[in-house]
Amino acid sequence: MKANSSSVYIDLKRLLAVKPLRGLWQLIAGHHRAYATAAVSLGFAAAARTGVYLLLAYFVDQVLGNAEFSNRVPLVALAFIGLAAVQGVFTYLSGHLAGRTAEAAAQRLRNYLYDHIQRLSFVYHDRTKVGELIQRSTSDVDAMRRFFATEAVGFGRILMLFLVNFLAIFFINARLAWLSVIVVPITVTMSYFFFKRISDAYEEFQEQDAILSSVLQENLSGVRVVKAFARQEYEIDKFEKENWEKFVRGRSLLLWHSYFWPTSDILTGAQMLFGFYTGAMMTINGIISLGDYLAYAGMLIWIIWPIRNLGRTIVQMSTGLVSFKRILEVVKEDREPLDTGDYVPQAAPKGAIVFDHVTFAYEEEQPVLKDVSFETKPGDVVALLGSTGSGKSTLINLLPRFYDYREGSITLDGIELNRYPRTYLREHIGLVQQEPFLFSRSIRENIAYSVGRKVTDDEVFEAAKAAAIHDVILTFPHGYDTLVGERGVTLSGGQKQRVTLARTLLKNPAILVLDDATSSVDTETEAAIRDALDALMATRTTFLIAHRIQSVMDADLILVFDNGELVQRGTHDQLLREKGIYRQVFDIQTSIEEEVEREVSTAGT
């Protein structure tokens with residue numbers, strides 16, 4: 001990861017795994033000097049503020065009533081103005097540098113998280129909700145920005161104010177200084193007590209906020225399904241239930257805050273009254289001068305105020321540290337090793353694939369594929385048939401190593417599949433998934449997305465023609481520059497499927513995988529796509545998942561799956577001669593088609 005302002009590389013995962021606090025410091029790499037300057041500026045601003053009170057003491061004790069009063073007043077006035085200017089300049093400098101550093105850290109963290117999440121495994125994304133990741137990449141990162149901008153630097157400001165003013169009072173009278181900070185140990189202990197409880201309450205609140213975000217994101221993504229089935233009331237009830245839980249947890253968080261502030265105000269208020277009384281008695285008894293007392297009264301406020309706000313800052317820092325902890329949970333996840341593998345051919349694979357007793361499970365003791373074995377030759381068209389959940393999509397997801405098999409063997413051109421880097425496999429395997437996904441970009445950009453280079457219009461047009469979508473695109477007002485909307489909602493299901501097919505064909509993969517790629521198109525369009533694909537499929541190994549017998553009957557090898565097991569294999573003619581699932585599906589589909597034809601012919605007469 002590189003920051004825009006510097007070329008400092010930060011392996012945040014490695015740093016945080018060893019020393020999380022060091023990771024916080026490294027997060028602002030390239031801005032250390034600015035942040036240190038912000039901290040030092042706080043010291044100068046605090047010293048200038050204390051200097052005002054010491055100057056007041058000098059004015060009262062040494063200037064008022066002095067024979068040279070008229071000569072000294074202008075100098076004292078200039079000194080007051082100078083100290084105020086110093087305080088203002090350094091306060092501004094501190095806030096500006098801290099804010100700039102915080103924004104840079106937040107930008108860097110967002111970039112790192114985005115890059116990191118892109119590189120996490122399919123297994124991680126399977127078990128993690130999208131709303132949870134969005135929450136940690138936005139709300140939690142913003143909490144970290146506030147941590148650097150106000151809370152961490154605010155903690156330093158409090159320490160500086162306390163230290164400078166305490167030393168100044170100690171210089172006036174040591175006993176008075178110690179009597180002015182009696183409440184400090186009590187306040188710090190109480191702050192730590194509330195810190196633990198508010199941290200826990202805030203973490204629970206953030207977790208529920210993430211759940212609510214997931215519910216909202218899921219509902220908005222599926223709003224057309226909700227409307228189609230008139231399930232608005234059900235979705236509203238579900239949202240209100242999670243929103244109520246967020247309200248309850250937020251109320252608990254606020255209650256802890258409401259317990260803390262009155263208690264701290266009572267303690268610090270009592271300390272201030274005690275200090276004023278003690279200082280006044282010392283002045284009456286002649287132990288300190290009137291000027292010293294006036295200076296002390298002002299500095300006491302800037303001792304008590306930091307003590308009171310120490311608790312506030314600690315509590316606020318707790319929210320930042322909780323968010324940091326939540327971010328760490330994502331950062332500590334291992335990335336998918338894309339380039340791991342000791343065999344990288346210079347050329348594209350030929351496509352000879354062998355499955356040898358392969359068993360695979362997403363979860364232990366629940367195998368999705370059971371002892372699957374088959375062999376394909378380069379250029380073969382392999383069709384996979386079976387009911388939903390029989391393991392067809394899982395099998396093709398093993399080819400680009402979206403998941404790694406644990407039992408058995410898969411070889412590509414005679415080499416164990418696990419020896420190929422994932423990057424190589426995914427460069428040469430084109431996958432059209434069962435659920436088409438398009439980005440909120442133009443059709444041209446969506447088709448060109450599959451290749452990491454600039455492509456010509458002719459290349460895009462050829463891919464679209466092969467997917468039987470070119471003529472349809474030309475009917476749109478803006479043609480290939482038409483924006484498809486979020487997730488491609490402005491296109492029909494069949495149009496989306498064909499655009500994703502064009503995206504894969506532009507990649508010109510050595511191995512083509514069509515996961516029910518023609519499920520969302522009509523029979524006529526499917527025939528057009530198949531005609532265009534026949535020439536492409538003749539020169540590359542193709543895996544084809546389909547539910548229509550008509551789509552798979554020309555395949556070189558048909559594999560029939562049932563409950564994760566390979567129960568039949570052969571060509572169309574071979575399987576028709578066997579009793580089994582394939583023959584049953586063929587008979588059912590044939591009878592349905594004949595019935596439809598009879599009804600159409602009857603309606604026509």
Side-chain angles (χ1 to χ4, degrees), residues 338-339 341 343-353 376-384 396-402 412-413 415 417 420-434 436-439 441-474 480 484 488 495-518 521 525-526 528-546 551 554-556:
L338 296 176
D339 299 318
Y343 184 74
V344 186
Q346 297 300 314
K350 296 177 181 178
I353 298 173
T376 69
K377 299 186 294 295
D380 276 356
V381 176
V382 182
L384 281 66
I396 63 172
N397 283 335
L398 296 180
L399 295 177
R401 293 187 64 188
F402 291 158
L412 172 61
D413 295 340
I415 304 298
L417 193 67
Y420 290 91
R422 290 175 175 84
T423 302
Y424 174 83
L425 293 174
R426 294 171 193 180
E427 284 177 353
H428 295 288
I429 297 177
L431 176 63
V432 180
Q433 295 180 321
Q434 188 173 6
F437 181 90
L438 297 178
F439 295 94
R441 303 174 185 175
S442 68
I443 294 176
R444 184 194 311 275
E445 289 174 307
N446 270 285
I447 294 176
Y449 188 81
S450 61
V451 293
R453 59 179 176 83
K454 290 184 178 181
V455 296
T456 64
D457 287 345
D458 288 340
E459 289 179 287
V460 174
F461 297 160
E462 287 301 317
K465 289 176 182 177
I469 190 64
H470 176 71
D471 292 337
V472 175
I473 296 173
L474 294 182
Y480 279 86
V484 300
Q495 290 168 346
K496 285 193 293 184
Q497 190 70 278
R498 282 178 280 172
V499 171
T500 59
L501 179 59
R503 181 170 62 196
T504 300
L505 295 179
L506 178 63
K507 184 179 179 179
N508 193 28
I511 299 172
L512 184 61
V513 178
L514 306 176
D515 187 355
D516 214 4
T518 57
V521 300
T525 303
E526 180 183 6
I529 294 175
R530 287 302 306 273
D531 289 342
L533 286 176
D534 281 344
L536 296 170
M537 293 164 60
T539 58
R540 70 197 72 205
T541 302
T542 302
F543 284 81
L544 173 64
I545 295 179
S551 301
D554 294 329
D556 299 300

Hey, is the main chain of Leu512 close enough, under 3.5 Å, to the side chain of Arg540 for a donor-acceptor pair? no
Given 3.5 Å as the limit, does a donor-acceptor pair link the side chain of Arg426 with the main chain of Arg401, or not? yes
Partner set under side chain to side chain donor-acceptor pair (under 3.5 Å) for Asp471, not counting sequence neighbours: none
Step-by-step ring-ring contact (aromatic ring centres under 6.0 Å, His included) determination, Tyr424 to Tyr343: CA-CA 10 Å; Tyr424 174 83; Tyr343 184 74; 7.9 Å; no
Quick check: do Leu438 and Arg503 have side-chain heavy atoms less than 4.5 Å from each other? yes
For the residue pair Ser450 and Leu506, what are the closest heavy atoms and their distance? OG-CB, 4.1 Å
Could you tell me if the side chain of Phe461 sits less than 4.5 Å from the side chain of Leu474, heavy atoms only? no
I need the minimum non-hydrogen distance between Asp556 and Asp380, along with the two atoms involved. OD2-CA, 3.4 Å
Looking only at heavy atoms, the pair that brings Asn397 and Pro400 closest together is O-CD, 3.5 Å
Of all the heavy-atom pairs spanning Val344 and Pro421, show the shortest one and how long it is. CG2-CG, 3.4 Å
Smallest heavy-atom separation, Ala502 atom then Ala467 atom, equals N-CB, 3.6 Å
Quick one: closest heavy-atom pair of Lys350 and Pro378, and the distance? O-CB, 3.4 Å
Does Thr541 use its side chain to pair, donor to acceptor, with the backbone of Ile511 at less than 3.5 Å? no
Option among Leu514, Leu431, Val382 that satisfies the side-chain contact (heavy atoms from CB on, under 4.5 Å) test with Ile396: Leu431
I want to check something: taking the side chain as every heavy atom from C-beta on, are Tyr480 and His470 in contact at a cut-off of under 4.5 Å? yes
With heavy-atom distances below 4.5 Å as the criterion, would you say the side chains of Gln495 and Ile473 are in contact? no
Using side chain to side chain contact (heavy atoms under 4.5 Å, CB included) as the criterion, list what pairs up with Asp339, not counting sequence neighbours. Thr423
Is any side-chain heavy atom of Leu399 less than 4.5 Å from a side-chain heavy atom of Leu412? no
Can you name the residues that form a side chain to side chain donor-acceptor pair (under 3.5 Å) with Arg444, not counting sequence neighbours? Asp457, Asp481
What I'd like to find out is whether the side chain of Leu505 reaches to under 4.5 Å of the side chain of Glu462, using heavy atoms alone. no
Carefully, step by step, assess Ile469 and Gln497 under the rule side-chain contact (heavy atoms from CB on, under 4.5 Å). CA-CA 9 Å; Ile469 190 64; Gln497 190 70 278; over 6 Å; no
Do Val513 and Ile429 have side chains that get closer than 4.5 Å, going by heavy atoms? yes
Does any part of the side chain of Ile447, heavy atoms only, come nearer than 4.5 Å to the side chain of Val499, both counted from C-beta? yes
Between CG of Leu417 and CG of Asp413, what distance do you get to the nearest 0.5 Å? 10.5 Å
